[in-house]
Novice: 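Sending over a structure as structure tokens; questions will come in a sec.
It should be emphasised that the depicted structure is a prediction, and the values quoted were computed from it without experimental measurement. Convention: sequence-line order gives letters A, B, ...; per-chain numbering from 1.
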2 protein chains.
Amino acid sequence: MVTMKDVAERAGVSVATVSRVINQNGYVSSDVQTRVTAVMRELNYQPSLLARSLRRQETFAIGLLIPQLDHPFFSTLAFAIEKTLFAQNYRTLICSAEENATKEDAYVEMLLRQRVDGVIFVPTGHSDQSLARLQAMTIPAVLVDRDLFGASRVSKVLSDNVRGGYLGMQYLLELGHRHIGIIGAHEYSGSMTQRLHGVQQALAEYGLSNPPLVLMDTLGQFEMGYSAGMRLLRLEPRPTAIFALTDVIAIGVMHAAAELSMRLPQELSVVGFDDIPLAAYSIPALTTVAQPIAEMGAKAVELLLRHIQQPSQPFETITLATRLVVRHSAMAPSR
Amino acid sequence: MVTMKDVAERAGVSVATVSRVINQNGYVSSDVQTRVTAVMRELNYQPSLLARSLRRQETFAIGLLIPQLDHPFFSTLAFAIEKTLFAQNYRTLICSAEENATKEDAYVEMLLRQRVDGVIFVPTGHSDQSLARLQAMTIPAVLVDRDLFGASRVSKVLSDNVRGGYLGMQYLLELGHRHIGIIGAHEYSGSMTQRLHGVQQALAEYGLSNPPLVLMDTLGQFEMGYSAGMRLLRLEPRPTAIFALTDVIAIGVMHAAAELSMRLPQELSVVGFDDIPLAAYSIPALTTVAQPIAEMGAKAVELLLRHIQQPSQPFETITLATRLVVRHSAMAPSR
DNA sequence: TACACATGAGTAATCGTTTACACATGCTTG
DNA sequence: CAAGCATGTGTAAACGATTACTCATGTGTA
């Protein structure tokens, strides 16, 4: 690998001068400037970011730790974050914990060793040890999407899950549904719990008692939504509507219903949560509670970079609004 | 940030000894061993991978360059690759070029500067300059999913796109369809072209001429499949089947059909390509030509690591079989 | 004329590791 | 008993950049 020394020798100058040319600081005669530039191109020289980062004590790298890369919500979020960071000349180290606390922990350690300048963290919710580890070092972190109980000295970007839960449930109740199944996931991080709070609020307004509920172990993929949906659809009496606390779950539920030869939305209304890109393209198109995914990512980056550039910044918690997007997967019950 | 020097001082030994404890090489008395270990834990010491990589001249990092992170096929592939590499103690630097040659080029340069040990590359197909750049340095690379004309000195993991194209088309013809629309994408990398070759082969067998064809600029997302589908479905006579050269396109097409109040698969048969996880959960479940995504990722990692560990290895091209997965989105035409 | 200051470029220390080499001690072995 | 080897540890030179210092020169100004 060609180094600065090689360039310096070939151009007949010292390494310091080459460095000055690269970083465009200090005084360099235009003669030397062009000569060095030519040599760099000729040798196809690429400065080592390892050496640079070691010396400068900053890497321009941000760790992004998410529960599952292979999940539309998180890959959309990751994409938004990567894009925003790239525009600001930061690289993103995307780490997928696979909803596994051990792997998450391994990744936190790896990111610290990698000396990333900061971390954007969507905890699996299966362990909060990792955040503690992170905070033990004084590296800036921001929590996105999932809150973590007891997390201090971090900024947070959340969305209004309580309101979202309320909106989805209220919509189904307003349509006239009275037998509504709910599907969520266990999670210590609380955003699911908050959605359920919202659901309860709506229920209370209508003076109704608790609905049939299925809680999956993790967010899972379509398959888990499918099997959770099956469980609800085998109930007697069968629910006329299902509120899935994730779009991916909702898609799984719709598939289950279709497999039982139920017509959608005539025989079953389904409402989702998240508004992933796919939601608009399911059949029927999914009515869902939208989170502003791209905005969440952008905000998280903004807060993090502000902290990196100005460590004295106070910590903030931003709660973004959720809203109901009405498409075609829900309608009034037939009877 | 606490360094090896801090640990050494606190434990009353030299940095060399600390290094020996960490790397478990050289002789260290068990007394010192435990003392140093204790201090490391006490100070929460994390070795700097920057310094280590600089010194050792290897980073244990692999660059993964894909066209769009926010696309089910690539996020599934990325997930598989990340998982395989993680198990082998390698980190993955995931880079999403957004089907943009400029960004792709910027990423290649970044990866080189980052001194990654190797690169797994799914080219956008909008420029082949980036690979040349990569090959100019002597860093091992393997091409996955998309071939690149004129790429030498790389290993490749492809799937049998010609056969896949043939299988999908042959299936529709066998069902009795004679007016079949095709949707693909422009791509210099050739895998789309190969699928079209397969389509032609099947057509030739049935003595049929060219079908209506829509080529999109890039792979795109659901939306592009939707609009391409709309174009075909507005044709007179309307096709009785559409072969979408990507599952994402297929989902978009099905949505377009549903919007035109067509019943699936009675009034329109759809066949996709890729077999992304979603394919099994669309309504109706998508009949598609499956690529072994996880296996492609695993093979790519295997070839790359082999090259890294043994630079003299010859370059290989592996072509994995595609196969038709029959679900419920295609049936015989009604008339 | 003398002095301050802008310009241009080199020397060497530094970032945090790893590792070749040196050195000391104790034990084995011929 | 001396040589040789295993064991344990420290010193210092890398790795490839950045940057604080130095030291020239030339130029403007009192």
Novice: From C-beta outward on A:Ser19, which listed nucleotide comes closest to its side chain: D:dT19, C:dT19, D:dG10?
Specialist: D:dT19
Novice: Of the nucleotides C:dT17, C:dG10, D:dT11, which one has an atom closest to the side chain of B:Ser14?
Specialist: D:dT11
Novice: Which whole-number value in Å describes the distance from A:Gln114 CD to C:dT17 C1'?
Specialist: 14 Å
Novice: Describe, in one word, how the ring planes of B:His307 and B:Phe315 are oriented to each other, choosing from parallel (under 30°), tilted (30 to 60°) and perpendicular (over 60°).
Specialist: parallel
Novice: May I have the distance from A:Arg56 (atom CZ) to D:dA20 (atom P), rounded to whole angstrom?
Specialist: 11 Å
Novice: Kindly indicate whether the side chain of A:Arg20 and the base of C:dG10 share any N or O donor-acceptor pair separated by less than 3.5 Å?
Specialist: yes
Novice: A:Leu112 CG to C:dG16 P: how many Å, rounded?
Specialist: 15 Å
Novice: Using the side-chain heavy atoms of B:Leu54, tell me which of these nucleotides is nearest: C:dG16, C:dT18, D:dG10.
Specialist: C:dG16
Novice: Quick one, B:Asp31 with B:Arg35, criterion salt bridge (charged side-chain N to carboxylate O under 4.0 Å, His left out). Give me CA distance, side-chain angles, the key distance, then yes/no.
Specialist: CA-CA 6 Å; B:Asp31 172 32; B:Arg35 207 166 68 230; 3.5 Å; yes
Novice: Does a donor on one side chain and an acceptor on the other come within less than 3.5 Å for A:Arg91 and B:Gln114?
Specialist: yes
Novice: Of the nucleotides C:dA9, D:dG16, C:dT18, which has the atom closest to the B:Gln57 side chain?
Specialist: D:dG16
Novice: Starting at CG of A:Leu49 and ending at P of D:dA17, how long is that distance when rounded to a whole Å?
Specialist: 9 Å
Novice: Base, sugar-phosphate, or nothing for A:Arg115, non-hydrogen atoms under 4.0 angstrom?
Specialist: sugar-phosphate
Novice: What's the closest nucleotide to the side chain of B:Tyr27 if the choices are D:dT7, D:dA13, D:dG10?
Specialist: D:dT7
Novice: Specify whether B:Phe74 and B:His71 have parallel, tilted or perpendicular ring planes, treating 30° as the upper limit for parallel and 60° as the lower limit for perpendicular.
Specialist: tilted
Novice: Applying a 3.5 Å limit to both distances, which nucleotide forms a Watson-Crick or G-U wobble pair with D:dT29?
Specialist: C:dA2
Novice: Does B:Val15 or A:Met4 map to a spot on DNA chain D nearer the 5' end, using the closest nucleotide for each?
Specialist: B:Val15
Novice: Counting any heavy atom closer than 4.0 Å, what does A:Val18 reach on the DNA or RNA strands: base, sugar-phosphate only, or nothing?
Specialist: nothing
Novice: Just the rounded figure in Å: distance from C1' of D:dG16 to CD of A:Glu9.
Specialist: 13 Å
Novice: Nearest whole angstrom, please: distance from the C1' of D:dG16 to the CG of A:Asp6.
Specialist: 10 Å
Novice: Hey, does the side chain of B:Thr17 come within less than 4.0 Å of D:dG10's phosphate (OP1/OP2), counting only N and O?
Specialist: yes
Novice: Of all the choices, D:dT19, C:dT18, D:dT9, which nucleotide is nearest to the side chain of B:Arg52 once you look at every atom?
Specialist: C:dT18
Novice: Measuring from the side chain of B:Ser29 (C-beta onward, heavy atoms only), which nucleotide among D:dT9, C:dG8, D:dG16 has the closest atom?
Specialist: D:dT9
Novice: Can A:Lys156 and A:Glu316 be said to form a side chain to side chain contact (heavy atoms under 4.5 Å, CB included), step by step?
Specialist: CA-CA 6 Å; A:Lys156 303 176 184 180; A:Glu316 279 182 67; over 6 Å; no
Novice: Within this structure, what is the NZ-to-P distance between A:Lys5 and D:dA17, rounded to whole angstrom?
Specialist: 11 Å
Novice: Using a distance-only criterion (donor-acceptor N/O pair, under 3.5 Å, no hydrogens), is the base of C:dT14 paired with the side chain of A:Arg55?
Specialist: yes
Novice: Any donor-acceptor pair under 3.5 Å linking the side-chain atoms of A:Gln291 with those of A:Ser159?
Specialist: yes
Novice: Atom CD of B:Gln24 to atom P of D:dG8: distance rounded to whole Å?
Specialist: 14 Å
